[in-house]
Number of protein chains: 2
Amino acid sequence: MSPRRSSTEAGQTRAAILARGVEVASVEGLEGLTIGRLAADLGLSKSGLLGHFGSKEALQLAVVDAAAERFFRETATDEVGISPGLPRLRAMCEAWISHVEREVFPGGCFFTAAASEYDDRNGPVRDAVAGLVGLWERDLRLHVRLAVADGDLPAGTDPDQVVFELVGHMLALNHALRLHRDPGATFRARRAIDSRLASPRASLPTNRAMSPVVTSGDHRATSPA
Amino acid sequence: MSPRRSSTEAGQTRAAILARGVEVASVEGLEGLTIGRLAADLGLSKSGLLGHFGSKEALQLAVVDAAAERFFRETATDEVGISPGLPRLRAMCEAWISHVEREVFPGGCFFTAAASEYDDRNGPVRDAVAGLVGLWERDLRLHVRLAVADGDLPAGTDPDQVVFELVGHMLALNHALRLHRDPGATFRARRAIDSRLASPRASLPTNRAMSPVVTSGDHRATSPA
DNA sequence: CCTACCGATCGGTAGG
DNA sequence: CCTACCGATCGGTAGG
């Protein structure tokens with residue numbers, strides 16, 4: 001009694017499949033996301049669901065993309081007037097913490113779970129996950145560089161080192177929250193990130209008073225290390 | 001032509017199953033470890049393999065225990081004359097780095113993968129994984145406390161905070177190594193750990209000269225915060 | 001979007 | 001430790 005829907009209805013169905021798929025995959029993994037289970041959750045037949053994607057792998061890729069869209073929307077910090085460089089870096093970290101704290105994905109960070117599940121495999125799903133995680137880390141690195149150029153992080157700071165450590169604090173938070181169910185870890189993550197990003201001028205008030213306040217978007221490095 | 005082996009032969013078979021099971025699970029996950037595949041790898045029948053454990057869950061628990069035995073053997077630092085406190089803490093971190101660098105488990109850190117796979121589930125496998133990870137972190141925390149008591153870390157240091165950050169650096173290393181296949185991360189992990197554990201007296205040589213060298217096992221905290 | 005089906009594989013059992 | 005089997009579920013297809 002429900003065959004051949006219109007294309008707008010089909011689009012809604014597809015969106016519903018992806019929304020549910022992201023939820024299920026964040027908890028059970030992208031491999032644990034089975035077509036039959038997902039179809040049953042949504043009151044569809046398996047072939048009805050599969051018709052939207054063609055194969056399980058295509059479904060997984062669509063779910064990864066939908067999760068990325070959600071993640072970047074929830075952690076967006078570029079539309080709220082936050083200056084590039086250290087302020088944006090702090091805001092990105094805080095947005096990440098917030099998104100696991102609010103359980104935007106019911107299983108914690110979607111990409112932490114997907115990365116761990118696929119990091120030892122090959123193929124399009126692994127590539128998609130690695131690429132999207134790389135985008136996030138590249139953005140962090142950009143703002144570390146700007147922070148150094150602004151003098152908000154010490155000259156000579158290695159951006160890759162800072163990103164490595166910030167990502168570590170995020171992974172540690174997801175780990176403590178999900179495995180140990182320890183909400184106190186949220187405080188520790190914020191503290192770790194704050195101390196890693198502590199401004200060198202915070203303890204040098206004379207220098208701080210002389211440094212220009214950054215409000216514009218002009219961020220050409222004047223003296224990179 | 002190979003029924004009813006002796007009990008020593010059965011023990012060897014069981015050990016071979018577990019050794020292979022740990023390898024497979026570290027790459028494919030504990031759920032991806034299927035009885036049929038494992039039996040085929042070892043030239044056994046499914047029921048022959050299952051006879052050693054009784055159920056898949058029992059097999060998974062035995063594999064987790066075997067992985068723990070392996071992990072704690074590979075990261076053991078208590079038999080080589082390394083003093084408790086900061087030296088042991090450093091040695092534990094270095095042993096952890098080394099075990100992922102050497103690929104003791106073909107998929108990187110077994111417990112990082114297992115934790116991520118099971119952290120949103122309930123049941124004995126999750127409990128076993130969480131308990132074993134907790135043991136490792138508890139041991140780290142013990143030596144952080146001793147390091148503080150020895151004056152090798154600043155008085156007032158929060159042990160949970162230090163363990164959180166050290167675990168983060170380990171997770172970040174596993175992440176970079178497995179997902180991004182970036183061997184340079186090993187250097188960054190060592191650097192991050194070194195700077196987190198930098199002795200406060202290293203930059204205060206006058207104090208350092210006055211502090212006793214720790215070689216004994218007597219580690220009662222004299223002035224905890 | 002459905003029903004009806006496919007071969008393959010899953011965990012597990014019976015019986016020896 | 002084996003063969004022989006079980007029902008359930010997997011991803012996927014045919015045909016409408």
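Every value quoted in this text rests on a predicted model; they were computed, and no experiment measured them. Lettering of chains follows the sequences in order, A, B, ..., and the numbering in each one begins at 1.
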Quiz item: Between dA4(C) and Ser47(A), is there an OP1 or OP2 to side-chain N/O distance shorter than 4.0 Å?
Solution: no

Quiz item: Would you call Glu94(B) and Arg190(B) a salt bridge, taking side-chain N to carboxylate O under 4.0 Å as the test?
Solution: yes

Self-check item: Proximity to DNA chain C (any heavy atom under 4.0 Å), residues of residues 15-27 of chain A only
Solution: none

Quiz prompt | Sidechain-backbone polar pair: His169(B) side chain, Leu166(B) backbone, donor-acceptor under 3.5 Å | solution = no

Practice problem: Decide side chain to side chain contact (heavy atoms under 4.5 Å, CB included) for Ile193(A) and Ile97(A); before the verdict, give the C-alpha distance in whole Å, the side-chain angles of both, and the deciding distance to 0.1 Å. | Solution: CA-CA 10 Å; Ile193(A) 288 166; Ile97(A) 292 172; 3.9 Å; yes

Self-check item: Salt-bridge present (Arg37(A), Glu28(A); N to O < 4.0 Å)
Solution: yes

Quiz item: Are Glu57(A) and Gln60(A) close enough that some pair of their side-chain heavy atoms sits under 4.5 Å apart?
Solution: yes

Self-check item: Pairwise side-chain contact, Arg188(A) with Asp182(A), heavy-atom cut-off 4.5 Å (strictly under)
Solution: yes

Exercise. Output the residues of residues 59-67 of chain A in contact with DNA chain D, where contact means a heavy atom of the residue under 4.0 Å from an atom of the strand; sort by number or write none.
Key: none

Practice problem: In plain terms, say whether Glu137(B) and Arg141(B) are close enough for a salt bridge, that is, a side-chain N and a carboxylate O under 4.0 Å apart. | Solution: no

Protein-nucleic acid N or O pairs under 3.5 Å, nucleotides 7-11 of chain D:
{"from": "dC10(D)", "atom 1": "OP1", "to": "Thr34(A)", "atom 2": "OG1", "distance (Å)": "2.9"}
{"from": "dG11(D)", "atom 1": "OP1", "to": "Lys56(A)", "atom 2": "NZ", "distance (Å)": "2.8"}
{"from": "dG11(D)", "atom 1": "OP2", "to": "Ile35(A)", "atom 2": "N", "distance (Å)": "3.1"}
{"from": "dG11(D)", "atom 1": "N7", "to": "Lys46(A)", "atom 2": "NZ", "distance (Å)": "2.9"}
{"from": "dG11(D)", "atom 1": "O6", "to": "Lys46(A)", "atom 2": "NZ", "distance (Å)": "3.1"}

Self-check item: Tyr118(B): partners by ring pair (Phe, Tyr, Trp, His ring centres under 6.0 Å), with sequence neighbours left out
Solution: none

Quiz item: Sub-3.5 Å donor-acceptor pair from the side chain of His52(B) to the main-chain atoms of Leu49(B), do we have one?
Solution: no

Quiz item: Should Arg70(A) and Glu74(A) count as an ion pair when the cut-off is N to O under 4.0 Å?
Solution: yes

Quiz item: Can you find a donor-acceptor N/O pair under 3.5 angstrom joining the side chain of Ser45(B) to the base of dC2(D)?
Solution: no

Only distances under 3.5 Å count here; give the side-chain donor-acceptor pairs of residues 120-134 of chain B to other protein atoms, sequence neighbours excluded, each with its distance to 0.1 Å.
{"from": "Asp120(B)", "atom 1": "OD1", "to": "Arg178(A)", "atom 2": "NE", "distance (Å)": "3.0"}
{"from": "Asp120(B)", "atom 1": "OD1", "to": "Arg178(A)", "atom 2": "NH2", "distance (Å)": "2.7"}
{"from": "Arg121(B)", "atom 1": "NE", "to": "Glu117(B)", "atom 2": "O", "distance (Å)": "3.3"}
{"from": "Arg121(B)", "atom 1": "NH1", "to": "Glu31(B)", "atom 2": "OE1", "distance (Å)": "3.2"}
{"from": "Asn122(B)", "atom 1": "OD1", "to": "Arg181(A)", "atom 2": "NH2", "distance (Å)": "3.2"}
{"from": "Arg126(B)", "atom 1": "NH1", "to": "Arg178(A)", "atom 2": "O", "distance (Å)": "3.4"}
{"from": "Arg126(B)", "atom 1": "NH1", "to": "Asp119(B)", "atom 2": "O", "distance (Å)": "2.6"}
{"from": "Arg126(B)", "atom 1": "NH2", "to": "Leu179(A)", "atom 2": "O", "distance (Å)": "2.5"}

Quiz item: What does Leu49(B) touch in the nucleic acid at a heavy-atom separation under 4.0 angstrom: a base, only the sugar-phosphate, or nothing?
Solution: nothing

Practice problem: Extract the stems that DNA chain C is part of, considering only consecutive pairing runs of at least three Watson-Crick or G-U wobble pairs, both distances under 3.5 Å. | Solution: C:1-16 with D:1-16

Quiz item: Donor-acceptor pair, Asp152(A) side chain versus Leu86(A) backbone, under 3.5 Å?
Solution: no

Exercise. Give Gly32(A) one of three labels, base, sugar-phosphate or nothing, depending on what nucleic acid heavy atoms sit under 4.0 Å from its own.
Key: nothing

Exercise. For residues Asp160(A) and Phe187(B), determine if any side-chain heavy atom of one lies less than 4.5 Å from a side-chain heavy atom of the other.
Key: no

